[in-house]
Number of protein chains: 2
Amino acid sequence: MIRVVIADDHPIVRAGLKALFSIEPDIEVVAEAATPQEALDAAEHENPDVVLMDLQFGSGETTTGAGATRTIRALDAAPYVLVLTNYDSDADILGAVEAGASGYLLKDAPPHELMNAVRAAAAGESALAPVIASRLLDRMREPRVNLSSREIEVLEQVGAGRTNQEIAAGLFISETTVKSHLAHIFSKLDVASRTAAVSVARRKGILR
Amino acid sequence: MIRVVIADDHPIVRAGLKALFSIEPDIEVVAEAATPQEALDAAEHENPDVVLMDLQFGSGETTTGAGATRTIRALDAAPYVLVLTNYDSDADILGAVEAGASGYLLKDAPPHELMNAVRAAAAGESALAPVIASRLLDRMREPRVNLSSREIEVLEQVGAGRTNQEIAAGLFISETTVKSHLAHIFSKLDVASRTAAVSVARRKGILR
DNA sequence: CCTCCCATCCTCCGAAAGGACGACTCCCGG
DNA sequence: CCGGGAGTCGTCCTTTCGGAGGATGGGAGG
């Protein structure tokens, strides 16, 4: 019997997963969690084989799904974590994989794919949705972009529509420095304008 | 007995809703639909009281959830449509209400709120999630922004990071015309720069 | 018919943005 | 201890953007 913990803040999704698993003879839902903290507790005390983890939790939470994944994977006798989420943003996928997730599924996946993934995860294998797998490979090919925290800070201001002057005032630096940061950002993202930088950063998941 | 049709492309969500409704003595799920078209068929032939409609369907669909809502509401003896979706974007809410939805719920709503909304809808009343209701009021206060289709087209290009020259070439118009459209956009959105326009448009749900 | 809105085009001009140098600290890792 | 990256600032210059202001034609609607 595969012991599964469901961690998702949507009651509807929890009910759905439970209903789908109730049909499967070899899978048992041993706990439900509506917050990352509850997920962690359940992972510690219910001795599950697999934790199904949503990445997006309500805005009230201090821990994210990725954070909870990391903590769970650091436990003794840690269960495998299968990330189940709505989006296929590059940043999310990378973050989940780095946090130690065994798989990454989208919520619109057909049920049988979900079952396969749970069984694979329980066996210690990795299961990525096909969409995700190819995206991960694409991402591997693209050289990893490393913006400094200050650069991201500036880029966020740009994304909010502020001018260099406004950004300078807001960050207590000179306009020259803002331009300097932007020049570095442009070069790293291989673009020529602020709007293009925002667009690329959004696509890459650097900006939300 | 309240007859309900569930229209959502996520098998997990359909299973969840069905499971939740199975507990309620006065609500019966008479059909499930994975596409807008299926939803329309079910609305016509199953004689439901309420259709629970997701707004986001897979990219392969020709009709949107809002479109299906409009069509369903135009039927003889039309059922009430309750929109149940993930996001609370202004554009989505407005679109759903204009299409004739009786209510707008978020998928992370607690089950009892969902049940209340279904019963209210079946009785011909409106049920909006509190979050949505206040947002709708905010939106009413803000003067409605009406960008022409051409202006939106230009704005999309701007959001993709293209320069005026590139946009002009792409749309087969002169750069002057692009600037003219942008000037109108700026004035309508009450901003002073292209990046600010994109930012505001995104917040208002004009751009995704 | 006349008016409003949309889409298209124009010029002139100032402001913002971006490129290309250089230069100074601070701090981290080899 | 030294190199290099990050962050800060500067100047000079070019290009792009946006503002002002106007013009044309076409379609929708009072």
Side-chain angles (χ1 to χ4, degrees), chain A residues 91 94 98 142-207, chain B residues 70 91 94-95 98 142-207:
Chain A
L94 257 291
E98 279 167 11
E142 270 187 56
R144 184 114 174 77
V145 193
N146 247 334
L147 293 188
S148 74
S149 59
R150 194 55 158 173
E151 283 163 356
I152 290 179
E153 215 169 335
V154 170
L155 190 52
E156 277 166 356
Q157 301 287 311
V158 173
R162 297 196 232 294
T163 66
N164 291 346
Q165 213 172 40
E166 288 166 345
I167 297 170
L171 299 181
F172 304 107
I173 54 180
S174 87
E175 198 182 332
T176 314
T177 308
V178 174
K179 286 177 157 191
S180 170
H181 286 311
L182 276 175
H184 292 145
I185 293 169
F186 293 168
S187 137
K188 286 183 182 180
L189 296 183
D190 193 29
V191 295
S193 76
R194 58 208 292 109
T195 44
V198 171
S199 159
V200 169
R202 231 181 273 275
R203 188 166 51 71
K204 296 211 184 225
I206 300 169
L207 289 185
Chain B
R70 204 180 302 277
L94 258 291
E98 278 167 12
E142 269 186 57
R144 184 112 171 78
V145 189
N146 246 336
L147 295 188
S148 75
S149 59
R150 195 54 157 173
E151 284 163 355
I152 291 178
E153 215 170 333
V154 170
L155 191 51
E156 277 166 356
Q157 301 287 311
V158 172
R162 299 200 228 293
T163 66
N164 290 346
Q165 213 174 35
E166 287 166 346
I167 297 170
L171 298 181
F172 305 106
I173 55 181
S174 89
E175 199 181 331
T176 315
T177 308
V178 174
K179 286 172 140 197
S180 171
H181 286 310
L182 276 175
H184 293 144
I185 292 169
F186 293 167
S187 135
K188 286 181 182 179
L189 296 183
D190 193 29
V191 294
S193 77
R194 60 211 287 111
T195 44
V198 170
S199 158
V200 169
R202 231 181 272 275
R203 189 166 50 71
K204 296 211 183 224
I206 300 169
L207 289 186

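Order of the sequence lines sets the chain letters (A, B, ...), proteins ahead of strands, with each chain counted from 1.
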Within the structure shown, what part of the strands sits under 4.0 Å from [X] by heavy-atom distance: base, sugar-phosphate, or nothing?
| X | answer |
| --- | --- |
| B:Ser193 | sugar-phosphate |
| A:Ser148 | sugar-phosphate |
| A:Thr177 | base |
| B:Thr163 | sugar-phosphate |
| A:Ala183 | nothing |

Is there a side-chain contact between A:Glu153 and A:His181, using heavy atoms and a 4.5 Å cut-off? no
Quick one, A:Ile173 and A:Ile167 - any side-chain contact, counting heavy atoms below 4.5 Å? no
Nearest heavy-atom neighbours spanning A:Arg194 and A:Asn164: NH1-OD1, 2.9 Å
In whole angstroms, the gap separating P of C:dA7 from CD1 of B:Ile152 amounts to 10 Å
Rounded to whole Å, NE2 of A:His181 lies from P of C:dG19 at a distance of 16 Å
Does [X] make a side-chain N or O approach to OP1 or OP2 of [N] shorter than 4.0 Å?
| X | N | value |
| --- | --- | --- |
| A:Ser174 | D:dG10 | yes |
| A:Asn164 | C:dA16 | no |
| B:Arg150 | C:dC5 | no |

State, without any angle test, whether A:Thr177 and A:Ser174 hold a side-chain donor-acceptor pair at a distance under 3.5 Å. yes
Whichever of B:Lys179 and A:Glu175 has its nearest DNA chain D nucleotide further upstream toward 5': A:Glu175
Position toward the 5' end of DNA chain C (nearest nucleotide), B:Ile173 or A:Arg194: B:Ile173
